[in-house]
Amino acid sequence: MAENSYNEKNRHEGHRERMRKKFRENPALLSDHEIIEMLLYYVIPMGNTNEQAHDLLKKGGSINGILEIDENYIRTIAGLGTKSAEYIKLLRELYIRLRKENLDKGNERKLTRNNINDKLHKIFIGEKEEKMVLITLDNNFGIINTHVISRGTESASIVPIKRILELAICDKAAITLLAHNHPNNVLAASDEDIEVTKAAYEALNIIGIPLCEHYIVTDNSVVGIIHLCKTE
């Protein structure tokens, strides 16, 4: 029995060393499940992690999908547990911060046609629920502030227009933008989106701080919807 355990341990150690050698020579040669398998070495110091890597990929559908798997599900996979769930959560947070850095464009504060999509995507990276923000701008389209106005799946119907007006006045804004994400990646505006935009557009016009645009943001796209809401 002890000899079998010793042989099994040596077999796994030999496999891990071959994987590390393959990685050192050319990381691009590793398949997705082999990358995940090697990552798990750092939370599972001994044994085979191949099966767990396949389970994670099957559940997530991709490496990116693995980062979105619920922590409680990860704990149910044989051989994994709280430490592995925390490790994958840490990788997700690292991924989100790297994406934000890549979109930051030198931390430029001025909004332009070239950077607006990146600026908006940065605001919503990693969000799993709907969030609406008010962006206040000066006369040169420099960003003064970004305020979270509402959160949750019903946020479009409970947006506090009074709060939007107060923040715009407090920031001494010349122009404003609204933006919210659709976590389901559906780019189309809902009836609630249109009603909120119309209400905000009309209220901000009264105080002389126009709403320039209301953007819907998904993982891959950005669309403005204010044209759907302006009154003749």
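Residue numbers count from 1 along this sequence.
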Over 12 foreign heavy atoms within 6.0 Å of OH, Y41: yes
Stepwise side-chain contact (heavy atoms from CB on, under 4.5 Å) check, H182 with L187: CA-CA 7 Å; H182 281 183; L187 202 57; over 6 Å; no
Donor-acceptor pair between H33 and D55 side chains, under 3.5 angstrom: no
Considering all heavy atoms, the nearest T136-L167 contact: CG2-O, 4.4 Å
Closest non-hydrogen atom pair, T197 against D193: OG1-O, 2.7 Å
Side-chain heavy atoms of T218 within contact of V223, under 4.5 Å: no
Cluster check L94, I88: I/L/V/M/F/W/Y, side chain < 4.5 angstrom: no
Heavy-atom pair of closest approach, residues L57 and D32: CD1-C, 3.9 Å
Nearest heavy-atom neighbours spanning A189 and L228: CB-CD1, 4.2 Å
Shared hydrophobic cluster, L98 / L91 (ILVMFWY, side-chain heavy atoms < 4.5 Å): no
Atom NZ of K128 with >12 non-hydrogen neighbours under 6.0 angstrom: yes
Any side-chain donor near an acceptor of the partner, N220 and H121, under 3.5 Å: no
E68, CD atom: more than 12 neighbouring heavy atoms under 6.0 Å: yes
Polar side-chain atom of N115 near backbone of K110 as donor-acceptor pair, under 3.5 Å: yes
Donor-acceptor under 3.5 Å (T176 side chain, P210 main chain): yes
Atom CZ of R163 with >12 non-hydrogen neighbours under 6.0 angstrom: no
Side chain proximity check, L137 to L177, heavy atoms < 4.5 angstrom: yes
Stepwise side-chain contact (heavy atoms from CB on, under 4.5 Å) check, V222 with I216: CA-CA 6 Å; V222 174; I216 295 173; over 6 Å; no
Donor-acceptor side-chain pairing of H15 and E37 below 3.5 angstrom: yes
Heavy-atom pair of closest approach, residues K131 and F124: O-CE2, 3.3 Å
Close side-chain approach of L39 to Y87, heavy-atom, < 4.5 Å: yes
Least distance between heavy atoms, P183 atom then E129 atom: CG-C, 3.5 Å
Salt-bridge present (E93, R97; N to O < 4.0 Å): yes
Candidate pair L120 and V133, rule side-chain contact (heavy atoms from CB on, under 4.5 Å), full reasoning: CA-CA 10 Å; L120 292 174; V133 299; 5.7 Å; no
Minimum side-chain heavy-atom gap N64-Y95 below 4.5 Å: yes
Whether over 12 other heavy atoms sit under 6.0 Å from K89 NZ: no
